[in-house]
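Values below: every heavy atom of this structure, side chains too, minus hydrogens, waters and symmetry copies.
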Amino acid sequence: MAKKLGKKARKFARKNLQSAAKRNRKIRNQFNHRRGPRRGGSAGREDGDEDVPQQVHDSTMVTNDAAAATLIHGLEFPEDDAELDADLSDSDGYLSEDPGCPYYSDSEDEKAAKDCIMEDGLDRQNDDMNRDIKKQKKKLKKLLDKDPEFANFLEKWQSELESYRSKEDSDEDEMDSMDDDDSNDENSPNAKVLTSKTISEWCQLVSKDPKSPALRNLLNAFRDACRHGVHSHGPSMQRFQNARVFYQIITFVLSELDNVFRALLEIQDDANKGKIMNLRNSKKWQTVDPLIKSYLQNSLDLLSQLTDNKMLAFVLTRLRASMVLFSAYPSTSSRLVKILFRLWASGDQGLSLSAFLMIREVASLLPDCLDLCLTKSYNTYIASTKLVNDRNTKHIYFLTDCLVELYSLDVQKSYERAVTSVEQLNAILRQASKTKEKEDLRKIDNWQYINCVNLWVRFLCCHYKDYNLHPLFSEVLQVIRGVAHLFRGTRYLPLRLRLVQMLNELSTCSQMFYPIPSLLFDCLEFREVSQKEQTQRTKINFSSLLKVPKNLLKSRDFQEECVLSAIQVLSAHFAQWSYHVSFPEVATIPLFLLKRLHEQTTIESLHRPIKRLIDQVTENKGFIERKREVVSFSPNDKASVDSFLQEEKVSRNASFTRFYASVAENCQPKGRKTL
């Protein structure tokens, strides 16, 4: 028998330990977003992480950061960043300019501008400073008259102060001379202010004659404009008279210089990488090479500096025309790819689309960059799908479509990567199935894993009929079924629904049957909803959930959403086999389970949709049975089975086909509050 605590020990426990436990529970509640009563104090909450809903708030992801970090390192493809930083400094300085190139900067206008600045700001400040100085001199004179010793002290140190000032002035002169030397290095341009008239004249000269010396001046001005903000206090950044000049330079260079370079190289718009590589040894290329390199690298600097999405989309659109020129510079192309994938995952619809169009252009025109594009796109996709909410669901669908399209450029090469990825998913699944530990389960019960599986399902659906992808198909199917059987119960119904949708897609593309009703009905077992719970309305959105919090399992809205979502998925399953000769056997067990669900549910609003599905399935079952009675072939005759009801299938006039069309049309995204 344990020894009883003394009086002081019991008093200390009541005063401190309970408050500590209460404080710990309060901290856990902040992560769990729950305020319900707890049983058994803090000891009963050791597995409290199970109650954490799948939300997109930062606080929700605190407990999953370590698992997510481990997961992304387990799923991503290895990258070789060595080439990204290779040889990026070539032609990074100014181009030599022709001193005879015209500048239109009226000295009187400059003087007037300076006078205006003085009148507006400096004169007013000088007046205030002079008044303060006069006041200080009066105070100092009164102090010197009252205290002769202080006057002697000032005279004593006056000489040392003057010598110190003379030394400081000489140091400033040396620094100014060093700055002047630095400003003259690397062919730095003239320090004259660039006016709108000057840029307009240069643009006209270049448009008339691409070989005009003004082209180098424009490229130097473009270099300063692209680096505006990096060295904004430098002398070259003060060359622009106003913002209009800045945009004038950017617009002309991005819009016209591609045509200028093609005219200098005498190439057409349909020139490919082979044409460019053949020109690299020619004399004309040696002349234009520093100009092209300056234009491309400064354009990448501009992409790195801009923050306005519309400006970024404009720059990307203009650079697409010069995509073939990047083939001559592998390191610059690698740097471009790195920037493009950052913009692709930005979340802005227009910018992401512009970035992907250029990524696809890079992968198509530059075969050497295809491997890099496939690797970067997959890793970017994995990193971007860590969090899912109502705001970024459409963006994640867009990223998935883009990735499938990019991997479709070379299906055989993409197939090898897909196999590697699915093998990693299978390894994570086997480990979790073997240990059943919480950390291993979290590596599967998260958006990165599920979105990765969905990616390869979409890839298979696009190419299963045209390529031999059966080994990959079997691996993906094994992962889906393994995850479905690993996570059971009503809480995981959103996850089950996603997996069933994937099975429906695989079944459609392969024409193989999968008994998906068994994966749904074991989750559709609800307890009776009390009168109090029926009055509580909680909007639920399954599109951003994988697991439902326990406090919502008895809510009416949750049960309604579960049944309606299950009806939609089952309708898609039945619609696929509605014209097949085996439909009566396919529908027998699901009909029995649907009738039992109809009897058990206590929510009146669910009786009608369940009964409607039962009636439609029963009607289609009778329709197939009547058609089956008049045929004479056996089930082993595959050709006759495949041709069964082909005319009705093409016309799509069956009652169940119209029913499923109405279900799919009514299932629109609802504006529900994210949990």
Side-chain angles (χ1 to χ4, degrees), residues 71-79 363 367 370-382 385 399-435 440 443-487 495-496 498-516 518-519 572-573 576-577 580 582 638 641-642:
L71 173 65
I72 191 171
H73 288 302
L75 290 180
E76 65 181 1
F77 292 148
E79 297 183 21
L370 179 59
D371 288 333
L372 178 62
C373 289
L374 295 179
T375 301
K376 292 292 293 184
S377 61
Y378 179 78
N379 292 345
T380 303
Y381 175 79
I382 292 297
T385 57
L399 294 180
T400 305
D401 294 338
C402 292
L403 202 56
V404 172
E405 183 175 349
L406 189 63
Y407 271 64
S408 300
L409 296 177
D410 191 336
V411 177
Q412 295 298 334
K413 184 175 293 186
S414 302
Y415 171 76
E416 298 174 0
R417 294 175 176 271
V419 170
T420 302
S421 175
V422 175
E423 288 177 352
Q424 294 172 345
L425 296 174
N426 245 329
I428 296 174
L429 178 61
R430 286 194 299 269
Q431 178 68 17
S433 302
K434 180 180 179 180
T435 63
D440 293 331
K443 294 179 181 180
I444 300 176
D445 180 23
N446 67 79
W447 285 109
Q448 287 175 313
Y449 191 96
I450 301 303
N451 284 322
C452 187
V453 176
N454 183 58
L455 169 66
W456 301 124
V457 169
R458 296 288 305 279
F459 178 77
L460 284 169
C461 292
C462 291
H463 304 290
Y464 184 79
K465 295 181 179 179
D466 301 327
Y467 297 89
N468 182 19
L469 304 179
H470 187 71
L472 177 64
F473 187 93
S474 302
E475 290 286 334
V476 172
L477 183 62
Q478 182 180 354
V479 170
I480 294 175
R481 295 175 65 87
V483 174
H485 289 290
L486 187 62
F487 296 94
L495 174 60
R496 285 285 187 96
R498 288 185 172 274
L499 297 174
V500 169
Q501 289 173 354
M502 296 179 195
L503 288 176
N504 275 339
E505 294 176 7
L506 292 177
S507 179
T508 302
C509 74
S510 64
Q511 295 300 311
M512 296 181 183
F513 174 77
Y514 304 108
I516 66 170
S518 61
L519 300 178
H573 173 68
Q576 180 185 350
W577 303 102
H580 200 270
S582 62
K638 189 176 184 303
V641 169
D642 293 339

Checklist line | Short side-chain to backbone donor-acceptor contact, Thr380 and Ser377, under 3.5 Å | finding: no

Next item on the list: List in chain and number order the residues that pass side chain to side chain contact (heavy atoms under 4.5 Å, CB included) with Thr435, two or more places apart in sequence or in another chain; answer none if no residue qualifies.
Entry: Gln431, Glu437, Asp440

Checklist line | For Tyr407, all residues meeting ring-ring contact (aromatic ring centres under 6.0 Å, His included), sequence neighbours excluded | finding: Trp456

Notebook entry, point to check: Who pairs with Lys465 by salt bridge (charged side-chain N to carboxylate O under 4.0 Å, His left out), at least two apart in sequence or on another chain?
Noted result: none

Checklist line | Results of side-chain hydrogen bond (donor to acceptor under 3.5 Å, both in side chains) for Thr375 - residues two or more places apart only | finding: Arg417

Checklist line | Partners passing side-chain hydrogen bond (donor to acceptor under 3.5 Å, both in side chains) against Arg498 (at least two apart in sequence or in another chain) | finding: none

Margin query: Let's go through Gln576 and Asn504 carefully: what are the C-alpha distance in whole Å and the side-chain angles of both, what is the deciding distance for side-chain hydrogen bond (donor to acceptor under 3.5 Å, both in side chains) to 0.1 Å, and is it a yes or a no?
Written below: CA-CA 8 Å; Gln576 180 185 350; Asn504 275 339; over 6 Å; no

Notebook entry, point to check: Is there a side-chain contact between Ser474 and His470, using heavy atoms and a 4.5 Å cut-off?
Noted result: yes

Margin query: Just to verify, what does Glu405 make a salt bridge (charged side-chain N to carboxylate O under 4.0 Å, His left out) with, not counting sequence neighbours?
Written below: Arg360

Check: With sequence neighbours excluded, what pairs up with Tyr467 under the ring-ring contact (aromatic ring centres under 6.0 Å, His included) test?
Finding: His463

Check: Among all residues two or more places apart in sequence or in another chain, which pass the side chain to side chain contact (heavy atoms under 4.5 Å, CB included) test with Gln501?
Finding: Val569

Note to self: Holding to side chain to side chain contact (heavy atoms under 4.5 Å, CB included), I want the full list of residues that pass it with Glu423, two or more places apart in sequence or in another chain.
What the structure shows: Val419

Margin query: Donor-acceptor pair, distance only, cut-off 3.5 Å: does the side chain of Arg496 make one with the backbone of Phe487?
Written below: yes

Margin query: Test of understanding: with side-chain hydrogen bond (donor to acceptor under 3.5 Å, both in side chains), list the residues that count as partners of Asp410, not counting sequence neighbours.
Written below: none

Check: For Cys461, does its backbone N or O pair with a side-chain atom of Glu505 as donor and acceptor, under 3.5 Å?
Finding: no

Next item on the list: Can you sort out the partners of Tyr378 under side-chain hydrogen bond (donor to acceptor under 3.5 Å, both in side chains), two or more places apart, ordered by chain and number?
Entry: Ser421

Checklist line | Residues forming a ring-ring contact (aromatic ring centres under 6.0 Å, His included) with Phe473, sequence neighbours excluded | finding: Tyr464

